[in-house]
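One structure is given here, and the rest of the page talks about it.
All values reported here derive from a predicted model rather than from experimental measurement. Only heavy atoms go into these numbers, but all of them, side chains included; no hydrogens, no water, no symmetry mates.
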Amino acid sequence: MKVLGFNFFNRPARTVAKELLGKIFVRNFRGKIFTGRVVETEAYLGSEDPASHAGNGLTKRNSVMFGKPGVAYIYLCYGFHFMMNVVTDKEGLAGAVLLRGVEPLSGLKGKVPNGPGKLAKAFKLGKKENRLSLVPKNGIYFAEDGYKDFKIVITGRIGIKEGQNMPLRYYIEGNKYVSKTGRRK
DNA sequence: TTACCGATCGCA
DNA sequence: GCGATCGGTAAA
């Protein structure tokens, strides 16, 4: 099993979002290991994407999206829910991939993180983990185990105003752990 | 300093 | 269909 490194994330958000499907998300929380297979992602771009946090230029919050790839961008939304993103694209260029759904593999004890909010909660991700680098020493990283026998479906993103949506959502066809709200067309 | 609102979820 | 609840952002 190979850990995904800097070069994997140092590419356009669309590419990373697509290739992250089927990979394994690993979270080491105080000695406990949580793992899950990535089954659903969304890509967020920079200035060309009005739905992205980075769509209106650089601010304090989104500055991490302009920084080094392979860094966690975790944001509190609607006052309740954290969203787990991975920064992509080379430094200076905004881009991120949102994790919307994973299939639980180990350490998740019956939890079904089918949705970005629940996912972050199940993996114990919060404000503290924002801006952490996805280098194994920080306890958050992605790994590759050769799983690639699946079909990728591309649709519009979820929760985005009409008119500024783009087909940047990727998921594994037929997977039970793709979020339900996300399954609608 | 204040007012507004969002990449959501669970319950009715 | 709606309310919960908080931090970033822009305007004053």
Side-chain angles (χ1 to χ4, degrees), chain A residues 9 11-21 23 25 27 34 36 38-67 69-89 93-104 108-132 134 140 142 152-172 175-185:
Chain A
F9 301 103
R11 295 183 295 169
R14 317 168 133 82
T15 310
V16 177
K18 192 166 110 189
E19 297 204 6
L20 212 48
L21 289 178
K23 300 297 187 292
F25 179 48
R27 160 70 161 151
F34 305 96
V38 180
V39 299
E40 185 180 2
T41 62
E42 276 177 25
Y44 286 86
L45 317 178
S47 48
E48 47 184 308
D49 180 4
S52 165
H53 286 167
N56 273 330
L58 180 83
T59 66
K60 210 177 200 172
R61 172 177 57 175
N62 67 30
S63 63
V64 56
M65 288 179 72
F66 290 82
V71 171
Y73 172 38
I74 299 173
Y75 168 66
L76 176 67
C77 185
Y78 296 109
F80 298 87
H81 305 291
F82 288 103
M83 316 240 187
M84 168 70 194
N85 300 255
V86 190
V87 177
T88 64
D89 285 283
L93 206 59
V97 173
L98 167 68
L99 256 60
R100 287 193 59 88
V102 303
E103 172 182 345
L108 292 174
K109 218 171 131 182
K111 288 187 181 120
V112 185
N114 57 339
K118 289 197 289 187
L119 185 153
K121 198 169 157 199
F123 280 89
K124 301 266 193 283
L125 295 167
K127 211 167 40 180
K128 295 188 300 288
E129 282 74 23
N130 192 19
R131 292 165 185 269
L132 268 191
L134 298 189
I140 309 177
F142 289 93
I152 294 174
V153 183
I154 305 176
T155 68
R157 289 171 297 181
I158 311 299
I160 307 290
K161 285 192 195 76
E162 210 162 318
Q164 54 184 44
N165 208 344
M166 301 189 252
L168 292 175
R169 172 165 170 268
Y170 303 80
Y171 66 90
I172 294 179
N175 191 291
K176 177 180 165 189
Y177 296 98
V178 172
S179 67
K180 231 179 191 158
T181 44
R183 226 175 262 202
R184 76 182 167 201
K185 215 146 183 217

(request) Round to a whole Å and report the spacing from CD1 of I74(A) to C1' of dG8(C). (result) 17 Å
(request) Please list residues of residues 77-84 of chain A whose heavy atoms come under 4.0 Å from any atom in DNA chain C, ordered by number; otherwise none. (result) Y78(A), G79(A), F80(A)
(request) Strictly below 4.0 Å, heavy-atom distances to any atom of DNA chain C: list the hits from residues 50-61 of chain A, or just say none. (result) T59(A), K60(A), R61(A)
(request) Evaluate the side-chain proximity of M84(A) to F25(A): yes if any heavy-atom separation is below 4.5 Å, no if none is. (result) yes
(request) Decide yes or no for V64(A) and N85(A): does some side-chain heavy atom of the first lie under 4.5 Å from some side-chain heavy atom of the second? (result) no
(request) Work out which heavy atom in G46(A) is nearest to a heavy atom in S52(A); give both atom names and the distance. (result) O-CB, 4.4 Å
(request) Assign I160(A) to base, sugar-phosphate, or nothing according to its heavy-atom contacts below 4.0 angstrom with the strands shown. (result) sugar-phosphate
(message) On a heavy-atom basis, which atom in Y177(A) and which in V112(A) lie closest, and how many Å separate them?
(response) CD2-CG1, 3.7 Å
(request) Could you pull out the closest heavy-atom pair between L119(A) and R100(A), with the gap in Å? (result) CD1-C, 3.9 Å
(request) Send over the distance from K111(A) NZ to dG10(B) P, rounded to a whole Å. (result) 13 Å
(request) Determine which bases of DNA chain C form Watson-Crick or G-U wobble pairs with both distances under 3.5 Å, and write the result as a 5' to 3' dot-bracket string with | for other-strand partners. (result) ||||.||||||.
(message) If you compare all heavy atoms of A51(A) against all heavy atoms of I160(A), which two are closest, and at what distance to 0.1 Å?
(response) CB-CG2, 3.5 Å
(message) What is the distance, to the nearest angstrom, from the CG atom on N62(A) to the P atom on dG7(C)?
(response) 18 Å
(request) Verify the neighbour count for atom NZ of K121(A): are there more than 12 heavy atoms of other residues, nucleotides or ligands below 6.0 Å? (result) no
(message) Just to be sure I understand the rule, does K121(A) reach a base, reach only the sugar-phosphate, or reach nothing, if contact means heavy atoms closer than 4.0 Å?
(response) nothing
(message) Quick test of your reading of the model: are R169(A) and E40(A) salt-bridged, counting only N-O distances below 4.0 Å?
(response) yes
(request) For L45(A) and D49(A), work out which heavy atoms get closest and say how close. (result) N-OD2, 3.2 Å
(request) Return the value, rounded to whole Å, for the distance between atom OH of Y75(A) and atom P of dT8(B). (result) 10 Å
(request) Find the distance M65(A):CE to dA7(B):C1' and express it as a whole number of Å. (result) 10 Å
(request) Using whole Å, report how far CG of N165(A) lies from C1' of dG6(B). (result) 15 Å
(request) On the 0 to 90° scale, with breaks at 30° and 60°, tag the Y75(A)-H53(A) ring pair as parallel, tilted or perpendicular. (result) perpendicular
(request) For the side chain of K118(A), starting at C-beta, report the closest nucleotide among dA7(B), dG6(B), dG10(B). (result) dG10(B)
(message) Is any side-chain heavy atom of N130(A) closer than 4.5 Å to one of Y73(A)?
(response) yes
(message) For V16(A) versus R11(A), what's the shortest heavy-atom pair and its separation?
(response) CG2-O, 3.8 Å
(message) Here's a test of your reading of the structure: between L119(A) and L76(A), which maps to the more 5' nucleotide of DNA chain B?
(response) L76(A)
(message) What is the distance, to the nearest angstrom, from the CZ atom on R131(A) to the P atom on dG7(C)?
(response) 16 Å
(message) Using whole Å, what does the distance between atom C1' of nucleotide dG6(B) and atom CD1 of I158(A) come to?
(response) 16 Å
